[in-house]
Chemist: 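One structure, as C-alpha cells, below. Some questions next.
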Amino acid sequence: MLCIACVPLTGCGAEYVQSSLSPSSDLAAGIDRLFQVILWIAFGVFVIVEGALLVAVVRFRERPGRAPPVPTHGHTLLEISWTLAPAVVLILIAIPTIRTIWEVDRPPTGEAMAIEVVGHQWWWEFRYPELGITTANELHVPVGRTVDLHLSSADVIHSFWFPRVGGKRDLLPGHETRLWFTVDSAGTYTGQCAEFCGIAHALMGMRLVAEEPAEFASWVERMREPATEPADSLELAGRDLFLRSACIGCHTVAGTVARGRQGPDLTHFGSRERMAAGMRENTPRNLAVWLRDPPAVKPGALMPSLGLSEDQIGSLVAYLGSLR
Ligand code: CUA
C-alpha cells in the first residue's frame, strides 16, 4: 500500500516549467483558484459517496442466519435529498466559475501594452506595434504590466498556451482573438501550440521571457537598433551570401534589403536563446545542422534545403550569430 502511495508522490517536489499548478500571472492565478475550489468540492463528494458505499457494504453484508435487508421503495425524504444534493453541488461550482469568467473577461485598461501574435506553420511571430519591434518565438514582457495580445493566424488554426501564465486562446485565420494578463514574477516560461496544426504541431514551441521593467526597457532598446554590422571577413561573407540568395525572399533583417515576411524576422536572431520555434538551443552547431537541411530537423518546415556548401554554412552561421 505504501509503495502504491509512493508512485503518485514521486510527481511532487519537482519544478515544472509547463504546469498550470504554479501560476505566474493574474489570469493563471484566477484559473488556479477556481480549479482548487472545484477540486476540494469534488474531494468532498468523493469522500461522502465512497464513505456511504463502504458503510452500506459493511453494514448490510451477508451474514449466516440473517435475513436479507428490506429494500426501500418510494422514500420521499431520500428522493428529495438526492435531487437537492447534486443541485447544491452544481450551484457551489457555478458561483465561482461565473465569477472567474467575469473576472478574466474584463478588458484591460489604457495602461496595457498591445502585442500582436501571429501563428505560422510552425512558429510564432510577435509584433509590438507601439514599440516598432518584431521578433519570433520568444515573447518578452515586463513584470507587473498588463499585456494585451491580439492573436491571429497566417494559415491554419493554432492555439496560444503558456500554462503558467493563462488559459489557451485559439489563433484563427481571418479573425482576431484577444488575451490579456499581467505576469507577476520574472522568469522564462515555456509554451506550446495547443491545437493540432499539421505535421510539426508538436514542435511549435515558444518562450515567454518576463523581465523587470528596467531589463525589459533595455531589451526594447536593443531590439530597436538596426542589425549589427559584420565584425570580420567571415561574417561579411555570410552577409553577402545572405543578401544575394533566396533568404531575403522570406526573412527580414532590418536595415538591409532582406524584407521577406514568410519566415521569422532575423534582425536580432543571435540574441534568442532557442531556435526553430524552441526546438533547439541557439548554438552555431545547431544552426549549421538546420541550414544543411531544415526539413530534416523540423518535418514540413517551409524552408527547403538550399544545397549550401560547408564553407557557405560556416559563413552564414557566423553572420546570423552576430545579429544580436
Ligand atoms: Cu500550431 Cu499546433
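Just so you know, these numbers come straight off a predicted model, no measurement behind them. These values consider heavy atoms only, across backbone and side chains, with no hydrogens, waters or symmetry-generated copies.
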Chemist: CZ of R127 to OG1 of T135: how many Å apart, nearest 0.5 Å?
Modeler: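 Going from the CZ atom of R127 to the OG1 atom of T135 covers 12.0 Å.
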
Chemist: Taking the side chain from Q312 and the backbone from L308, do they hold a donor-acceptor pair closer than 3.5 Å?
Modeler: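 No; zero donor-acceptor contacts below 3.5 Å.
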
Chemist: Go through the steps to decide whether V220 and R224 satisfy the test side-chain contact (heavy atoms from CB on, under 4.5 Å), and finish with yes or no.
Modeler: CA-CA 6 Å; V220 168; R224 291 169 93 169; 3.6 Å; yes

Chemist: Do the side chains of S315 and L234 get nearer than 4.5 Å, heavy atoms only?
Modeler: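 Yes, close enough: below the 4.5 Å cut-off.
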
Chemist: Surrounding CZ of R63 (heavy atoms of other residues, nucleotides or ligands, distance under 6.0 Å), is the total greater than 12?
Modeler: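 Enclosed.
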
Chemist: Is there a continuous path of hydrophobic side-chain contacts, each under 4.5 Å between heavy atoms, that joins L34 to V104?
Modeler: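 In one cluster: no.
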
Chemist: Please check if the number of heavy atoms outside E111 that lie under 6.0 Å from its CD is greater than 12.
Modeler: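 12 or below, so no.
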
Chemist: Would you confirm whether S25, through its side chain, and V165, through its main-chain N or O, come within 3.5 Å as a donor-acceptor pair?
Modeler: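 Checking the backbone N and O of V165 against the side chain of S25, a donor-acceptor pair under 3.5 Å is found.
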
Chemist: Side chains of V118 and S152: closer than 4.5 Å at any heavy-atom pair?
Modeler: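 Touching, per the 4.5 Å side-chain cut-off.
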
Chemist: Using the rule side-chain hydrogen bond (donor to acceptor under 3.5 Å, both in side chains), only one of Q18, R274, R207, R164 pairs with T190; which is it?
Modeler: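 Single pass found, and it is Q18.
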
Chemist: Heavy atoms, side chains only, cut-off 4.5 Å: are P23 and R33 in contact?
Modeler: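 No, their side chains stay 4.5 Å or more apart.
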
Chemist: Using side-chain contact (heavy atoms from CB on, under 4.5 Å), reason through W102 and D105 one step at a time and then give a plain yes or no.
Modeler: CA-CA 5 Å; W102 281 343; D105 236 24; 5.6 Å; no

Chemist: Under 4.5 Å between any side-chain heavy atoms of R261 and T252, yes or no?
Modeler: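 With C-beta onward as the side chain, the pair touches.
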
Chemist: For the pair E195 (side chain) and H201 (backbone), establish whether a donor and an acceptor sit closer than 3.5 Å, ignoring hydrogens and angles.
Modeler: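 Looks like no, no N/O pair under 3.5 Å.
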
Chemist: Backbone N or O of D26 within a donor-acceptor pair of the T182 side chain at under 3.5 Å?
Modeler: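 Checked: no pair found.
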
Chemist: Does CD in E62 sit with more than 12 non-hydrogen atoms of other residues, nucleotides or ligands closer than 6.0 Å?
Modeler: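 For E62, atom CD is not crowded (no more than 12 foreign heavy atoms under 6.0 Å).
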
Chemist: Check whether any side-chain N or O of K298 sits under 3.5 Å from a backbone N or O of W122 as a donor-acceptor pair, and report yes or no.
Modeler: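 It does hold such a pair.
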
Chemist: About how many Å separate CG of L171 and SG of C193, when rounded to the nearest 0.5 Å?
Modeler: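 Between C193 SG and L171 CG, I get 7.5 Å after rounding to 0.5 Å.
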
Chemist: Quick one: pull up CG in D293 and CG in L306 and give me the separation to the nearest 0.5 Å.
Modeler: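 Between atom CG of D293 and atom CG of L306 there are 9.5 Å.
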
Chemist: I want to check something: taking the side chain as every heavy atom from C-beta on, are P129 and E116 in contact at a cut-off of under 4.5 Å?
Modeler: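 The answer is yes, as the side chains (C-beta and beyond) meet within the 4.5 Å cut-off.
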
Chemist: Can you name the closest pair of heavy atoms from Q262 and W123 and give their distance?
Modeler: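 What the structure gives for the nearest pair is O-CZ2, 3.2 Å.
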
Chemist: Just by modelled atom types, is the A254 backbone N or O under 3.5 Å from a matching donor or acceptor in the T267 side chain?
Modeler: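 Judged by distance alone, yes, a pair lies under 3.5 Å.
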
Chemist: Honestly curious: do L316 and V257 fall in one hydrophobic cluster under the side-chain, below-4.5 Å linking rule?
Modeler: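 Linked, L316 and V257 end up in one cluster.
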
Chemist: How far apart are the closest heavy atoms of T72 and H75, and which atoms are they?
Modeler: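 It is CG2-CB, 3.7 Å.
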
Chemist: Check the surroundings of atom CD1 in I199: do more than 12 heavy atoms from other residues, nucleotides or ligands lie under 6.0 Å from it?
Modeler: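 Result for CD1/I199: open.
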
Chemist: Run the numbers on R239 and E229 for side-chain contact (heavy atoms from CB on, under 4.5 Å), then give the verdict.
Modeler: CA-CA 9 Å; R239 184 173 76 172; E229 285 297 310; 3.1 Å; yes

Chemist: Counting N and O atoms only, with roles assigned by atom type, does the side chain of E138 sit under 3.5 Å from a partner on the main chain of E273, one being a donor and the other an acceptor?
Modeler: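 Side chain of E138 to backbone of E273: a pair is present.
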
Chemist: Got a second to check how far F46's CZ is from W40's CH2, nearest 0.5 Å?
Modeler: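 That separation rounds to 12.5 Å.
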
Chemist: How far apart are the closest heavy atoms of G167 and I31, and which atoms are they?
Modeler: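 Smallest interatomic distance, heavy atoms only, reads N-CD1, 3.6 Å.
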
Chemist: Do L149 and R169 come close enough that some side-chain heavy atom pair is under 4.5 Å?
Modeler: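 A side-chain contact under 4.5 Å is absent here.
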
Chemist: Write down the atom of W180, the atom of P107, and the distance for their closest heavy-atom approach.
Modeler: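 For W180 and P107, the tightest heavy-atom pair comes out as CZ2-CA, 3.5 Å.
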
Chemist: Show your reasoning for whether side-chain contact (heavy atoms from CB on, under 4.5 Å) applies to E79 and T76.
Modeler: CA-CA 5 Å; E79 287 182 10; T76 313; 5.9 Å; no

Chemist: Please examine the side chains of D155 and H158, heavy atoms only from C-beta on, and report whether any two atoms are closer than 4.5 Å.
Modeler: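 Yes - at least one pair of side-chain heavy atoms lies under 4.5 Å apart.
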
Chemist: Would you say that more than 12 heavy atoms from the other residues, nucleotides or ligands in this model lie under 6.0 Å from the CG of L302, or not?
Modeler: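 No, the 6.0 Å shell around CG holds no more than 12 heavy atoms from other groups.
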
Chemist: Nearest heavy-atom pair of L291 and M303: which atoms, and what distance?
Modeler: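 Closest heavy-atom pair between L291 and M303: CD2-CE, 3.9 Å.
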
Chemist: Nearest 0.5 Å, please: how far is CG in L90 from CD1 in I41?
Modeler: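 Output value for this atom pair is 10.0 Å.
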
Chemist: Classify the side-chain pair D311/S309 by whether it contains a donor and acceptor separated by less than 3.5 Å.
Modeler: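 The criterion, which ignores hydrogens and geometry beyond distance, is not satisfied for S309 and D311.
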
Chemist: F126 vs W124 aromatic rings, parallel, tilted or perpendicular, using cut-offs 30° and 60°?
Modeler: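 Taking W124 first and then F126, their aromatic rings lie parallel (interplane angle under 30°).
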
Chemist: Measure the OG-CH2 distance between S20 and W161 for me, rounded to the nearest 0.5 Å.
Modeler: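 It comes to 6.5 Å.
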
Chemist: If you define the side chain from C-beta out and look only at heavy atoms, does anything of F242 sit under 4.5 Å from H251?
Modeler: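 SC-SC contact between F242 and H251 confirmed.
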
Chemist: Centroid separation under 6.0 Å, is that true for the rings of W219 and Y128?
Modeler: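 When the ring centroids of Y128 and W219 are compared, they turn out to be within the sub-6.0 Å range.
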
Chemist: Can you classify the ring geometry of F162 versus F160 as parallel (below 30°), tilted (30 to 60°) or perpendicular (above 60°)?
Modeler: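 The rings of F162 and F160 stand perpendicular, inter-plane angle above 60°.
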
Chemist: For a quick test of reading the model, state the closest non-hydrogen atom pair linking S185 to A210 and the distance between them.
Modeler: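 Looking at all heavy atoms of both residues, the closest pair is O-CB, 3.9 Å.
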
